[in-house]
Enquirer: 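Here it is, the structure, as structure tokens.
Note that the structure is predicted; figures quoted are calculated from it, not measured. One is the number of the first residue; the rest follow in order along the sequence.
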Amino acid sequence: MKKALAICLGLLIALGSLQAQSSIDHFTTLESQGQMPGDFKKLTGTDKEYYDYNVLLKRYVMEGRVLYGTPLNDYLNTIVDNLLQGDNVLRSKLHIYIIKSPVVNAYATYNGLVLVNLGMIAQVSNESELAFILAHEISHFAEKHALKIRDYKDSLTDRDYLSYYLKSQCRSREQEMAADRIALERYLKQSPYSYSMVDGIFDVLQYADLPFDEVPFPKSQVETDFYQFPSSYYLANTAPITNRANGIDTLYTHPNIEKRRAAAHAIASQMPNEGRSVFVQSESLFYEIRELARMECINYFLTEHMYDHALYNTYVLQRSHPNNAFLKEAEVTALYGLSKHKNYSHIGDVLCPYKKVEGEMQQTSYFLSKLSRPESSLLALRAAWSAHKEYPDNLFFVDVIHDAAKDVFVKNKMKYTDFSDYPMGTHPDSIKPEEKTISDSITNKYERIRQNNQTNKIIPTSKFKTANYMLVDMHQDPEMVKIMNAVIQEAEDEKILSAVSQPQAADFKTLYVATPEYVIVASHARRQSHADVKGDKCRQKLAKVIEKSAENAGLDAVFFGISDICRFTTEQYNAYAQLQQWLKEYHQAEGLNMCYHQSKRMDAVYDLTGTTKICVASIRRSTDSDVSYSKLVNFGLAAICPYASPFAIATFATPRYSTDMYLVITDFTTGKTILSKHDSKLSSMSEAYVNTFIYDNIFNFVKGK
């Protein structure tokens, strides 16, 4: 009987392990599951109050970054259950949500929301470390720290802003130390979790900005037997990771790590650890949850165009999951995205300067910074080609192959004869000339030309560099030759079409209006928070202007405000979240014409919006200087002609705004821009100019003017 039970238990464990492996191997992106939470219903009409618990959640919901009902949520909820055994009242007040962010952080609001970033789950080493983080946030809620810090700040009457700031930061640090103590003495004490995690969790916080692991980046990741990069592309030594735990914390809300570590050690050392466990839930489940969080963090890096972070962390995970389809796609996307920015933009926009990077990842940053434009495009082409052979049904790889090939053969003007058919290091004199044999059946000179083109092999010359050897294993492939000819022909056709094309009326009837960007730059840092509040109100008004302009032009305009999102089903919310990810990736591209990683799962977005066309508007407004050239001219005229004085005074007293206006309409399936307009105005009537700019451009575009 015992033997049978042992066999059954073994089968169950094996099945659980198989399911965990399956969830990782078939990873796409994390989506919410189950019923939309009741907390979402409370978001409508939320006041813009910093301490209002809805504000954080509302912002994340609008950005599509909240996860609920996933296995990760279930895992965290079980930890909270273990921490609050016997305290059903407190447990009923807590609601756990996961935020799509790689930043190692967690927050608790005074109304019982506990928001945990994916980055926190991705970096911890065991379940007990997560338990401490959750216990810490529960302590903040139970002790009403958010309310107390608000009341304390309101009570401060210091006219000196620096004194006010230092006092409020000091009180915040006191609360952090108190939350650590309460977490250990109250919640962890009544739980089954081990105190041995104290060092580990403070290590996580101390090195929160580092990758998932510290492993060397090998040359084999980017080189083959056919080509190698110069030794100058690699660092002899990477910068050591500095100890960042003992910094002066006077200007921060949190005490430095060593103070917190020492205080936590002093408490934990007085508490018995016998019978406690590092893992209360299964250890394999923890590692599955952590891997899912890490992959979603990589997805975030790709969306934000943080390609160096995405590439290095992808390599870290590929060591454990060498055949993972998502990681292969992430590798291709990162190399391709870097090549696009290197060829058409400023690589510094997406690549952190290597001198600011520590540890093994510095090698990756340095190598990527040294790549030439052709080399970066060829690396992307090779990665996409390899992935296409392994996953022929993935159309994203096909799109990347064509676009990367276009950058190689058109943007960088490389030709078929620029690529060697022999490996790097092969001396030309060692290559025996091949005898060309032409079949007697070929009598047409054009057939001879075609046969010669198909059989000629390119011999390297002394001018050949690394880039010239990077297609040795692909050079003679008929499919690659076909792609090369196709992209060259397409580029020539595009030039002709752009020269003869005429404005066309819009061929679609529905337009999705994305939440516009409206940035108001304040003249003083202390006024910026008020400017941000005003910017939020202007953003909502601008969305209505765009919506009305589209409708007046004969289009059906679709716009989702917070009240619409709160009525979504979970399926609709997931589609909305995917749309927000696409928009984020699009914004980060800053006008680059490229294949978008997030475009591959947009069917549900079309079902939600009824269109593939998106209108994106961006307004940036700043107050003109108190003394400007035009104002001085008016005062000069007033000095000459006193009758002009009232006008000069009015001009000086009336605030003038410098307003930059952008309007773009694009197709989210192709990423191609259909309309792009920009204008700048310096006027006291900023809002009127913005409204006119929006209306005129949408109307003229729809009517084909």
Enquirer: Parallel, tilted or perpendicular: which fits the ring planes of His309 and Phe301, with parallel below 30° and perpendicular above 60°?
Expert: tilted
Enquirer: Rounded at 0.5 Å granularity, tell me how far CG in Leu134 sits from CD in Glu127.
Expert: 10.0 Å
Enquirer: Are the side chain of Ser32 and the backbone N or O of Tyr68 linked by a donor-acceptor pair below 3.5 Å?
Expert: yes
Enquirer: Please report the interatomic distance CG(Asn111) to CG(Leu94), rounded to the nearest 0.5 Å.
Expert: 11.0 Å
Enquirer: If you apply the rule salt bridge (charged side-chain N to carboxylate O under 4.0 Å, His left out), what do you find for Glu143 with Arg186, and how did you get there?
Expert: CA-CA 12 Å; Glu143 297 301 306; Arg186 185 185 303 172; 3.2 Å; yes
Enquirer: Is any side-chain heavy atom of Leu371 less than 4.5 Å from a side-chain heavy atom of Leu379?
Expert: yes
Enquirer: Which heavy-atom pair separates Gln123 from Ala208 by the least distance, and what is that distance?
Expert: NE2-O, 4.1 Å
Enquirer: Hey, would you say the Phe40 and Phe568 ring centroids sit under 6.0 Å apart?
Expert: no
Enquirer: Would you say Glu304's side chain and Glu585's backbone share a donor-acceptor pair under 3.5 angstrom?
Expert: no
Enquirer: Any donor and acceptor pair, going by atom type alone, linking the side chain of Arg91 with main-chain N or O of Leu84 inside 3.5 Å?
Expert: no
Enquirer: What class does the angle between the rings of Phe217 and Tyr315 fall in, given that below 30° is parallel, 30 to 60° is tilted and above 60° is perpendicular?
Expert: perpendicular
Enquirer: Between Glu185 and Lys189, is there a side-chain N and carboxylate O pair less than 4.0 Å apart?
Expert: no
Enquirer: Nearest heavy-atom pair of Ala106 and Met120: which atoms, and what distance?
Expert: N-CE, 4.5 Å
Enquirer: Taking atom types as modelled and ignoring hydrogens, do the side chains of Tyr107 and Asn117 form a donor-acceptor contact shorter than 3.5 angstrom?
Expert: yes
Enquirer: With rounding to the nearest 0.5 angstrom, report the CD to OG1 distance, Gln363 to Thr238.
Expert: 7.0 Å
Enquirer: Got Tyr596 and Leu302 here, is their nearest side-chain heavy-atom distance under 4.5 Å?
Expert: no
Enquirer: Return the CD1 to CD distance between Ile241 and Glu360, rounded to the nearest 0.5 Å.
Expert: 8.0 Å
Enquirer: Would you indicate whether Lys355, at its atom NZ, is surrounded by more than 12 heavy atoms from other residues, nucleotides or ligands within a distance under 6.0 Å?
Expert: no
Enquirer: Will you find, in the side chains of Thr29 and Arg601, an N or O donor that is under 3.5 Å from an N or O acceptor?
Expert: yes
Enquirer: Report yes if the side chains of Leu67 and Tyr97 come closer than 4.5 Å at any heavy-atom pair, otherwise no.
Expert: no
Enquirer: Considering all heavy atoms of both residues, which atom of Val66 and which atom of Leu57 are nearest to each other, and what is their separation?
Expert: CG2-CD1, 4.0 Å
Enquirer: Determine, stepwise, if the pair Thr303 / Gln598 fulfils side chain to side chain donor-acceptor pair (under 3.5 Å).
Expert: CA-CA 7 Å; Thr303 302; Gln598 296 295 345; 2.8 Å; yes
Enquirer: So Leu56 and Leu113, side-chain contact (heavy atoms from CB on, under 4.5 Å) or not? Walk me through it.
Expert: CA-CA 10 Å; Leu56 266 180; Leu113 296 181; over 6 Å; no
Enquirer: Is Met62 close to Tyr576 at the side-chain level, that is, under 4.5 Å between some pair of heavy atoms?
Expert: yes
Enquirer: Can you check side chain to side chain donor-acceptor pair (under 3.5 Å) on His597 and Asn299, steps first, answer last?
Expert: CA-CA 9 Å; His597 168 65; Asn299 184 56; 3.1 Å; yes
Enquirer: Taking all non-hydrogen atoms of both residues, which atom of Glu590 and which atom of Asp349 are closest, and how far apart?
Expert: OE1-OD2, 3.9 Å
Enquirer: Decide side-chain contact (heavy atoms from CB on, under 4.5 Å) for Val104 and Val204; before the verdict, give the C-alpha distance in whole Å, the side-chain angles of both, and the deciding distance to 0.1 Å.
Expert: CA-CA 8 Å; Val104 177; Val204 170; 4.0 Å; yes
Enquirer: Is the side chain of Gln580 donor-acceptor paired with the backbone N or O of Gly64 at a distance under 3.5 Å, no angle test?
Expert: no
Enquirer: Any donor-acceptor pair under 3.5 Å linking the side chain of Arg539 with the backbone of Glu517?
Expert: no
Enquirer: Are Tyr234 and Phe367 close enough, and set up right, to give a ring-ring contact (aromatic ring centres under 6.0 Å, His included), and what steps lead you there?
Expert: CA-CA 6 Å; Tyr234 301 96; Phe367 171 79; 5.6 Å; yes
Enquirer: Sequence neighbours left out, what passes ring-ring contact (aromatic ring centres under 6.0 Å, His included) with Phe279? Give chain and number order.
Expert: Phe286
Enquirer: Quick check against the 3.5 Å criterion: does Asn126 have a side-chain atom that pairs as donor or acceptor with the backbone of Ser128?
Expert: yes
Enquirer: How close do Met295 and Phe27 get, heavy atom to heavy atom, and via which atoms?
Expert: CB-CE2, 3.6 Å
Enquirer: Contact between Tyr300 and Leu118 at the side-chain level, heavy atoms closer than 4.5 Å - yes or no?
Expert: no
Enquirer: May I ask you to check whether Arg261 and Gln206 show a side-chain donor-acceptor distance below 3.5 Å?
Expert: yes
Enquirer: Take Ser194 and Asn273, measure what side chain to side chain donor-acceptor pair (under 3.5 Å) needs, and give me the verdict at the end.
Expert: CA-CA 6 Å; Ser194 172; Asn273 201 40; 3.2 Å; yes
Enquirer: CD1 of Ile24 to CD of Glu288: how many Å apart, nearest 0.5 Å?
Expert: 5.5 Å
Enquirer: Show the numbers, then the answer: is there a side-chain contact (heavy atoms from CB on, under 4.5 Å) between Phe326 and Ile298?
Expert: CA-CA 10 Å; Phe326 169 78; Ile298 289 175; 4.2 Å; yes
Enquirer: Can you check whether Tyr307 and His305 have ring centres sitting under 6.0 Å from each other?
Expert: yes
Enquirer: Do the non-hydrogen side-chain atoms of Leu83 and Phe132 ever get within less than 4.5 Å of each other?
Expert: no
Enquirer: Would you kindly say whether Asp87 and Gln190 are connected by a side-chain donor-acceptor distance under 3.5 Å?
Expert: no
Enquirer: If you measure only the distance, is there a donor-acceptor pair under 3.5 Å linking the side chains of His136 and Glu176?
Expert: yes
Enquirer: Does Glu296 reach the main-chain N or O of Thr28 with its side chain, forming a donor-acceptor pair under 3.5 Å?
Expert: no
Enquirer: Got a second to check how far Leu43's CG is from Ile565's CD1, nearest 0.5 Å?
Expert: 9.0 Å
Enquirer: Is a side-chain donor or acceptor of Ser282 paired with a backbone partner of Leu285 at a separation under 3.5 angstrom?
Expert: yes
Enquirer: For the residue pair Asn313 and Arg294, establish whether any side-chain heavy-atom pair is separated by less than 4.5 Å.
Expert: no
Enquirer: Ignoring hydrogens and angles, tell me if any N or O in the side chain of Glu214 forms a donor-acceptor pair with the backbone of Gly359 under 3.5 Å.
Expert: no
Enquirer: Does the side chain of Thr570 pick up a donor-acceptor pair with the side chain of Gln35 at under 3.5 Å?
Expert: no
Enquirer: Check whether any side-chain N or O of Asp308 sits under 3.5 Å from a backbone N or O of Cys352 as a donor-acceptor pair, and report yes or no.
Expert: yes
Enquirer: Examine the side chains of Glu31 and Thr70 and answer whether a donor and an acceptor come within less than 3.5 Å of each other.
Expert: no
Enquirer: Apply side-chain contact (heavy atoms from CB on, under 4.5 Å) to residues Asp199 and His265 and explain how you reach the verdict.
Expert: CA-CA 8 Å; Asp199 265 332; His265 257 302; 3.1 Å; yes
Enquirer: If you look at every heavy atom in Cys297 and Ser101, which pair is closest and at what distance?
Expert: SG-O, 4.5 Å
Enquirer: For residues Pro272 and Tyr195, determine if any side-chain heavy atom of one lies less than 4.5 Å from a side-chain heavy atom of the other.
Expert: no
